[in-house]
Q: 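Please find one structure pasted underneath; my questions will follow.
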Number of protein chains: 2
Amino acid sequence: MVDTQPLLNALADARVRSTEPRRAVAELIASRNGHFTARELVDDAAGLRLGVGRATVFRALELFVDLGLVERLDLPSGEHAYVACEPTHHHHVVCSLCGRSTEVEDCGMAEVAREVARRTGYRIERHRMELFGVCPECRAATNWNARATAG
Amino acid sequence: MVDTQPLLNALADARVRSTEPRRAVAELIASRNGHFTARELVDDAAGLRLGVGRATVFRALELFVDLGLVERLDLPSGEHAYVACEPTHHHHVVCSLCGRSTEVEDCGMAEVAREVARRTGYRIERHRMELFGVCPECRAATNWNARATAG
DNA sequence: ATTTTTGCAAATCATTTGCATATAT
DNA sequence: ATATATGCAAATGATTTGCAAAAAT
């Protein structure tokens, strides 16, 4: 459950209009824990009878991505997913079990990019780094289960 | 234009059958310079009247990906693309201008993953790093054009 | 008033699947 | 012979688009 404010603020600020459907999508996004798919939001909206259509969800997502408040991820499965995030350059670690995601800045990635540029002669303009694993909570849960099962 | 051999060898070796359609797809892949999409291969096959259908192209691509001879990329545009590559863990730098791609190993990425694990408590199980920029050839071409235009 | 945004249904695209036939082993 | 792989067309799913109506500036 992410704070709705940043998304709502963005609507207030930006050169875009603050509309009811957009606020609704912002809330749906904020109410989600980890990553989510466009379809999930569409289904949420339908389930809650928000009167927010598919196209609007996609358009709102695109808007938030442009504003840097939501990032699009490519899961290892090939699925497209999104996560709410800070509008600064950063990366995500995604939990394969619960879908929760955590932001991390740099961690040495910039240096890696520089090294790659050095070695290949490419002028690196952008990069994408996504990490997948198991979050602390799920690790704990898993260990607990393991013990419980083993015992 | 990548060497066809690795792909053909794989077909000879693997516990999969070496069929005409698969060899054809291997050639189509090898004949490409940079990255390519499934659709491009399908169109190539159709254009050349190879009698290789859409489904077969997708199935062959999946096979080669499983064998580690082709990797699936997610371009910044969101498109899915593929590149032929060595069957070892590595990463790609992709040229945004010509689509050519170069493989790089590690370059410090493993250390970054370790650092992220340290900071977040996640157990990192896999990662994806894709770099995009302009390759040396295109940089040269671009500079040349710039000069020619400026002069 | 004017411009932007919406919802809907239809259109488009990518990818997958069912299944009878053809091929590799 | 037997197990696999193929082609085709149809099915699925995701995302986009046209457009008249509705809402925001």
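In what follows, every chain begins at residue 1, and chains take the letters A, B, ... in the order their sequences are listed.
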Q: Check whether more than 12 heavy atoms from other residues, nucleotides or ligands sit under 6.0 Å from atom CZ of A/R126, and answer yes or no.
A: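 No, the 6.0 Å shell around CZ holds no more than 12 heavy atoms from other groups.
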Q: Identify, between A/G53 and B/R72, the residue whose nearest nucleotide on DNA chain C lies closer to the 5' end.
A: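 On the 5' side of the pair lies A/G53.
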Q: What residue among B/L7, B/L11, B/N9 forms side chain to side chain contact (heavy atoms under 4.5 Å, CB included) with B/L69?
A: B/L7
Q: Output the rounded distance in Å from OH (A/Y82) to P (D/dA14).
A: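 A/Y82 atom OH is separated from D/dA14 atom P by 12 Å.
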Q: Any side-chain N or O of A/R39 less than 4.0 Å from the OP1 or OP2 oxygen of D/dA14?
A: yes
Q: So, does A/H80 get its side chain near the phosphate of D/dG13, meaning an N or O under 4.0 Å from OP1 or OP2?
A: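 Answer is no, no contact under 4.0 Å.
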Q: Look at atom CZ of A/R39 and say whether more than 12 heavy atoms of other residues, nucleotides or ligands are closer to it than 6.0 Å.
A: no
Q: Are A/V93 and A/F132 connected in the hydrophobic side-chain network, where two residues link if heavy atoms are under 4.5 Å apart?
A: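 Not linked; separate clusters.
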Q: In whole angstrom, give the distance that lies between atom CZ of B/R15 and atom P of C/dA24.
A: 19 Å
Q: Check the distance between C/dA14's C1' and B/D74's CG and give it to me in whole angstrom.
A: 14 Å
Q: Rounded to the nearest Å, what distance is computed from the CG atom of residue A/L73 to the C1' atom of nucleotide D/dA14?
A: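 It works out to 17 Å between those atoms.
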Q: Between D/dT15 atom P and A/E40 atom CD, what is the distance in whole Å?
A: 11 Å
Q: Among A/R22, A/R17, A/R23, exactly one meets salt bridge (charged side-chain N to carboxylate O under 4.0 Å, His left out) together with A/E20. Which residue is that?
A: A/R23
Q: Can you identify which nucleotide, out of C/dT25, C/dT6, D/dT6, has its nearest atom closest to the A/P21 side chain?
A: C/dT6
Q: Just compare D/dT25, D/dT4, C/dG7 and give me whichever is closest to any side-chain atom of B/R17.
A: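 Nucleotide nearest to B/R17's side chain: D/dT4.
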Q: How many Å lie between CD on A/E20 and C1' on D/dT25, as a whole number?
A: 17 Å
Q: Over how many whole Å does the gap from B/R23 atom CZ to D/dT6 atom P extend?
A: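 Distance, rounded to whole Å: 10 Å.
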Q: Report the residue from A/R49, A/R54, A/R32 that forms a salt bridge (charged side-chain N to carboxylate O under 4.0 Å, His left out) with A/D44.
A: A/R32
Q: Which residues within residues 54-63 of chain A lie with some heavy atom under 4.0 Å of an atom in DNA chain D?
A: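 Residues of residues 54-63 of chain A that come under 4.0 Å of DNA chain D are, in numerical order, A/R54, A/A55, A/F58, A/R59.
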Q: Stepwise, does the side-chain contact (heavy atoms from CB on, under 4.5 Å) test hold for B/H127 with B/H89?
A: CA-CA 10 Å; B/H127 62 258; B/H89 180 69; 3.2 Å; yes
Q: Measure the distance from CZ on B/F64 to C1' on D/dA5 and round it to the nearest whole Å.
A: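 Roughly 13 Å, once rounded to whole Å.
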Q: Name the nucleic acid region contacted by B/T37, choosing base, sugar-phosphate or nothing; use a 4.0 angstrom heavy-atom cut-off, strictly under.
A: nothing
